[in-house]
Student: 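This structure is in structure tokens; I'll ask about it shortly.
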Amino acid sequence: MGEFWPVPDVLAYLGGAWRAERVVRDLAGGDEGRFSGTVVFEPLDDEDGLLQRESGDFTWRGATRPAERTLRFLRGPDGTADVRFADGRFFHGLDLGSGRHTADHPCSADLYRGEFTVRDADHWRVVWRVRGPAKDLELVTEYARTPVT
């Protein structure tokens, strides 16, 4: 097997609870922040998909604050998913059939480019590179499966 772990069904793989550790780097200014928390993927009530709830603490420039985010993962064809913001707007597609996927998301004048890689049944990673007139960021998140409590 190669360096990536193929995932035939994104929703089946993601379901459950994960520990998330994120490093956020401002490549222009040199600042570095950290997020530590949990991510739970649970079934959506009204659609075939998962609701992602992320919560934890984000430390930036010495100040730690609570942080949370909600996304919707809707079932796509052949084990893929459409990722949407909480309000339903499209974010990006996700196909982990090869264990690796690259996604782009234009946001105003900025471009978010994400690389998703799966290492095994219990570990995956996302690297977002954000470039634009006011942003030059890298966000690296490592996920490890945890038991649901």
Student: Considering non-hydrogen atoms only, spot the tightest contact between A121 and R145 and give its length.
Tutor: O-NH2, 3.1 Å
Student: Does some side-chain heavy atom of W18 sit less than 4.5 Å from a side-chain heavy atom of H123?
Tutor: no
Student: Backbone N or O of D31 within a donor-acceptor pair of the R25 side chain at under 3.5 Å?
Tutor: no
Student: Going only through I, L, V, M, F, W and Y residues with side-chain contacts under 4.5 Å, is there a path from W60 to V140?
Tutor: no
Student: How close do R129 and L137 get, heavy atom to heavy atom, and via which atoms?
Tutor: NH1-O, 3.4 Å
Student: Could you report the tightest heavy-atom contact between G49 and L11, atom names first, then the distance?
Tutor: CA-CD1, 3.8 Å
Student: Applying side chain to side chain contact (heavy atoms under 4.5 Å, CB included), run through R19 and T38 and close with a yes or a no.
Tutor: CA-CA 5 Å; R19 182 86 187 139; T38 59; 4.0 Å; yes
Student: With rounding to the nearest 0.5 angstrom, report the CD to CZ distance, E47 to R75.
Tutor: 12.5 Å
Student: A81 and F73: which non-hydrogen atoms are nearest, and at how many Å?
Tutor: CB-CD2, 4.4 Å
Student: In terms of hydrophobic clustering (I, L, V, M, F, W, Y; side-chain heavy atoms under 4.5 Å; direct or indirect links), are V118 and L139 co-clustered?
Tutor: yes
Student: Rounded to the nearest 0.5 Å, how far does CH2 of W124 lie from CD of E142?
Tutor: 10.5 Å
Student: Going from CZ on R84 to CZ on R72, what distance comes out if it is rounded to the nearest 0.5 angstrom?
Tutor: 9.5 Å
Student: To the nearest 0.5 Å, what is the distance between OG1 on T117 and NE2 on H101?
Tutor: 12.0 Å
Student: For D46, look at atom CG and say whether over 12 heavy atoms of other residues, nucleotides or ligands are found less than 6.0 Å away.
Tutor: yes
Student: Consider only side-chain heavy atoms of I, L, V, M, F, W and Y, link residues closer than 4.5 Å, and tell whether L71 and L96 are in one cluster.
Tutor: yes
Student: Hydrophobic cluster membership, with links at side-chain heavy-atom distances under 4.5 Å among I/L/V/M/F/W/Y: are V126 and Y112 in one?
Tutor: yes
Student: I need the minimum non-hydrogen distance between S36 and E21, along with the two atoms involved.
Tutor: OG-OE2, 2.9 Å
Student: Fit a plane to each ring of F116 and H92, take the angle between them on a 0 to 90° scale, and name the class: parallel (under 30°), tilted (30 to 60°) or perpendicular (over 60°).
Tutor: tilted
Student: Find the distance between CD (E115) and OG1 (T102) and round it off to the nearest 0.5 Å.
Tutor: 5.0 Å
Student: Could you tell me which non-hydrogen atom of A67 sits nearest to which non-hydrogen atom of F58, and how far apart they are?
Tutor: CB-CB, 4.0 Å
Student: Hey, are the side chains of D78 and P8 touching, using non-hydrogen atoms and a 4.5 Å cut-off?
Tutor: no
Student: Between atom CG of L94 and atom OH of Y13, what is the distance when rounded to the nearest 0.5 Å?
Tutor: 11.0 Å
Student: Does F85 belong to the same Ile/Leu/Val/Met/Phe/Trp/Tyr cluster as L50, with side-chain heavy atoms less than 4.5 Å apart forming each link?
Tutor: yes
Student: With side chains defined as the heavy atoms from C-beta onward, is the minimum distance between R119 and W5 less than 4.5 Å?
Tutor: no
Student: Members other than L74 in its cluster, when Ile, Leu, Val, Met, Phe, Trp, Tyr link by side-chain heavy atoms under 4.5 Å?
Tutor: L44, L51
